[in-house]
Amino acid sequence: MGDAVVALDATHRVTFFNPGAEQLFGRRAAEVLGQPVGQLLAPRLAAEIEAAMSELQAGCEAARVANGSNPLVGVDPSGREIWLEGTMLKLVRDDPHSPLLAVLRELADGDEQSTRPAQAPAGPPLAVSLEQHLEALLRQASMAIWVKDRAGRYLTASKAYVALLGRDETEAIGRSDADLMPAAAARTMRRHDRAALRAGTPCEQDEELELAGGRRAFKTLRVPLYGKDKFPIALCGITTDLEATKKAQLRNAQLAAIIMGSDDAMGSETLQGIITSWNPSAERIYGFSEAEAVGRSVFEMVPPAEHAHLRQSLARVAAGETVAHDVVHRIHKDGHAIPVSSTLAPLRDGTGQVVGISLISRDLSAEERAREQRDQLESDLAAAREAEQAREAFFNAISHDLRSPITAVIGWAELLEDEVAGPLNADQRSYVAMLQAAAGEQLSLLADLLDLARARAGTFTLRPRSTEVGSLAQATIELLAPEAVKAGLMLQADTPEGGLVLAIDRDRIAQVFRNLVGNALKFTPRGGRVMLRVRREGQQLRCEVEDTGTQIPPGDLTRLFLPFSQLAAGHKSGGTGLGLAISKAIVESHGGTIGVAGAPGGGNVFWFTLPVPPRADRAQTTANGSGTQAVE
């Protein structure tokens, strides 16, 4: 922000109010021009300050408005006090009704605690000579300021002004515009200087000058300075580079758009933690509107337990550090705590002095809830795994403990069958056969239970070896042929001979074949047909068992591969409901898939696939008119 420049007439009404003053006091020039200066001053000090200005008009040429001796306290529309420092100049010497010109800036927050008095001191302003005034004015001003005599020679100029001309201070003093800039630009400046001297009052003029750096637009406030005879003896000018102002305004607008559109809470505060700005996201996160937040202490939004930590952070920022906190807590308007990540950074004035604090905080409530949910899920998953492992361990122990007595029963039944203890009659031999059959079924059930337990526990192991899948399928047909004959069914196989070799667990895949074909035989009515097909489809080996039995309802298909899940027909035909679940575990352990679908002409097709490695060699032969493939 540039210096605030305010001009007053003899009755202390505002006659000039530059953009720096608009920003400093939070008021537009149109609202202030023609109004008493008292509306810009703190009510509690307005009378004392106006009296001090009257004393300046009565006797002094200029006054240094400083924090130690002559404080000036303004007020913005919200009532916030603005402590100021700067220089006030009487425009007409020895005239008790002279207009006044003030160049002001806000007193740095870092200074105010040690230098602001509780109330305005009594006594006249600190008087200085005109030369001292100009020196102080140029030293503190960040604007381009100059003073010329009536002949147009520079008496003094600020660094900012001579920088606009591409010169240094030593080149400007005692020289005219004709010596410092192109002829056309110098003529424009001289014409405007004379017009201001003739007018005898402060006037603002627009100028477009061709300088060394190119054509540039300026706005200059020219103020005549009067001698004792009330005749203008010099001209003071304050020049504003409009291009730089436009760039600054654009930059400020861009920053404002970023701040207003950010999802993070952004604001600013004094070094003591008093909030001075508040964006919409801060309103959303903390629940306080901008009007409620501005002027409020940030300590009101911090849990008491974190006050000491916040005071340390404010002190570090006041010393020039940027302080970031991964997680701190703040208090919402409704009283609940909000976890936030927070960054505090110093705000500096044009001289580099820390004058405030910028605040950026991000609401971590959603992340904290997600983390809590994730932790809970992980805890639940760990508990479920532990329970599953305990259940499977118990399942395994029971299965193994049951295997031993059943094996013993089978052994003793074999001894009876062999008539080791003496000859058996026909009934006794029948009983021994039923005993052996029942014990065999129990042993088979235990084997299935153990397989299922291993699959669920992830300890299901395979012993792969090169196996010709077509021959394995044919062996299944031969093994179950007696059952097909007994059931009055036709059992067939469509498999190429000697052409489908894969590295698989032979016994396990044979178990899948037996489960699928055995189920088809069990549920197909007499006179029906069961077909086992094996063929290669791209990078997969597909095996199908098609029957002509009753088609399974679509709603029941998803339950077939669940453990202990049987349809009504399955319960009538016996069985445990584990065969398909175990088959699924075996196929998936080989990297394949398994499923069931209705056959086009009625009946069902149970199928499974096994992956064929991409590197496998392929060879084609001819057997019975059908293609066969060799896969290694």
Side-chain angles (χ1 to χ4, degrees), residues 1-2 19-20 22-28 75-82 106 108-110 245-303 306-307 309-311 313-314 316-318 320-350 353-369:
M1 179 177 70
E22 291 182 323
Q23 190 171 359
L24 177 63
F25 289 97
R27 304 171 189 267
R28 290 182 292 112
V75 65
D76 67 12
S78 70
R80 180 180 70 91
E81 290 190 350
I82 310 166
E106 186 171 5
D109 287 334
T245 300
K246 289 178 182 177
K247 289 180 180 179
Q249 290 173 343
L250 177 60
R251 183 170 61 254
N252 290 339
Q254 291 170 335
L255 290 174
I258 292 171
I259 291 171
M260 298 302 286
S262 173
D263 288 335
D264 294 336
M266 293 186 177
S268 59
E269 56 192 61
T270 67
L271 297 179
Q272 291 72 43
I274 303 301
I275 296 170
T276 54
S277 66
W278 199 245
N279 78 337
S281 288
E283 293 183 335
R284 172 180 54 81
I285 292 172
Y286 293 102
F288 292 94
S289 68
E290 183 181 16
E292 293 172 320
V294 172
R296 184 184 297 267
S297 172
V298 72
F299 284 92
E300 297 179 37
M301 302 179 190
V302 177
E306 297 189 24
H307 281 191
H309 185 252
L310 177 59
R311 279 191 288 270
S313 297
L314 295 181
R316 291 171 59 189
V317 177
E321 289 186 53
T322 295
V323 180
H325 303 295
D326 290 336
V327 181
V328 291
H329 290 86
R330 297 294 179 256
I331 300 175
H332 191 273
K333 182 180 178 180
D334 64 14
H336 77 271
I338 314 166
V340 300
S341 63
S342 176
T343 301
L344 304 175
L347 292 175
R348 303 178 185 273
D349 63 11
Q353 185 176 8
V354 178
V355 296
I357 297 173
S358 73
L359 167 67
I360 302 176
S361 55
R362 175 166 296 177
D363 186 0
L364 300 179
S365 299
E367 288 87 340
E368 188 170 85
R369 286 193 297 271

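Everything numeric here is computed off the predicted structure, so don't read it as measured data. Basis for what follows: all heavy atoms, side chains included, without hydrogens, waters or symmetry-related copies. Sequential numbering from 1 along the given sequence is applied to the chain's residues.
- Residues forming a side-chain hydrogen bond (donor to acceptor under 3.5 Å, both in side chains) with T276 (at least two apart in sequence, or on another chain): S268.
- H325 pairs by the ring pair (Phe, Tyr, Trp, His ring centres under 6.0 Å) definition with H309, not counting sequence neighbours.
- Of all the heavy atoms in A293 and M301, the pair that sits closest is CB-CE, 4.4 Å.
- Residues forming a side-chain hydrogen bond (donor to acceptor under 3.5 Å, both in side chains) with R369 (at least two apart in sequence, or on another chain): none.
- In this structure I357 satisfies the side-chain contact (heavy atoms from CB on, under 4.5 Å) test together with E269, L271, L314, V317, L344, sequence neighbours excluded.
- With sequence neighbours left out, R80 forms a side-chain contact (heavy atoms from CB on, under 4.5 Å) with D76, S78, I82, E106.
- Shortest non-hydrogen contact noted between S358 and L347 is N-CG, 3.7 Å.
- The OG atom of S277 sits 9.0 Å away from the CG atom of L359 when rounded to the nearest 0.5 Å.
- When the ring pair (Phe, Tyr, Trp, His ring centres under 6.0 Å) test is applied to Y286, the partners found at least two apart in sequence or on another chain are W278.
- For S365, the side-chain hydrogen bond (donor to acceptor under 3.5 Å, both in side chains) partners two or more places apart in sequence, or in a different chain, are D363.
- Counting only residues at least two apart or on different chains, no salt bridge (charged side-chain N to carboxylate O under 4.0 Å, His left out) pair has a member in residues 270-279.
- Formation of a donor-acceptor pair under 3.5 Å by the H332 side chain with backbone atoms of I338 is not found in this model.
- When the side-chain hydrogen bond (donor to acceptor under 3.5 Å, both in side chains) test is applied to S341, no partner is found at least two apart in sequence or on another chain.
- Rounding to the nearest 0.5 angstrom, the gap separating the CG atom in N279 from the CD1 atom in I285 is 8.0 Å.
- Applying the salt bridge (charged side-chain N to carboxylate O under 4.0 Å, His left out) test to every pair with at least one member in residues 283-296, sequence neighbours left out, gives these pairs: E292-K333, R296-E300.
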Take R330 and V302 through the test side chain to side chain contact (heavy atoms under 4.5 Å, CB included) and record every step on the way to the result. CA-CA 5 Å; R330 297 294 179 256; V302 177; 3.7 Å; yes

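- Considering only residues two or more places apart in sequence or on other chains, R311 meets the salt bridge (charged side-chain N to carboxylate O under 4.0 Å, His left out) condition with none of them.
- Across all their heavy atoms, S281 and D264 have their closest contact at CB-O, 3.2 Å.
- Qualifying salt bridge (charged side-chain N to carboxylate O under 4.0 Å, His left out) partners for R27, counting only residues two or more places apart in sequence or in other chains: none.
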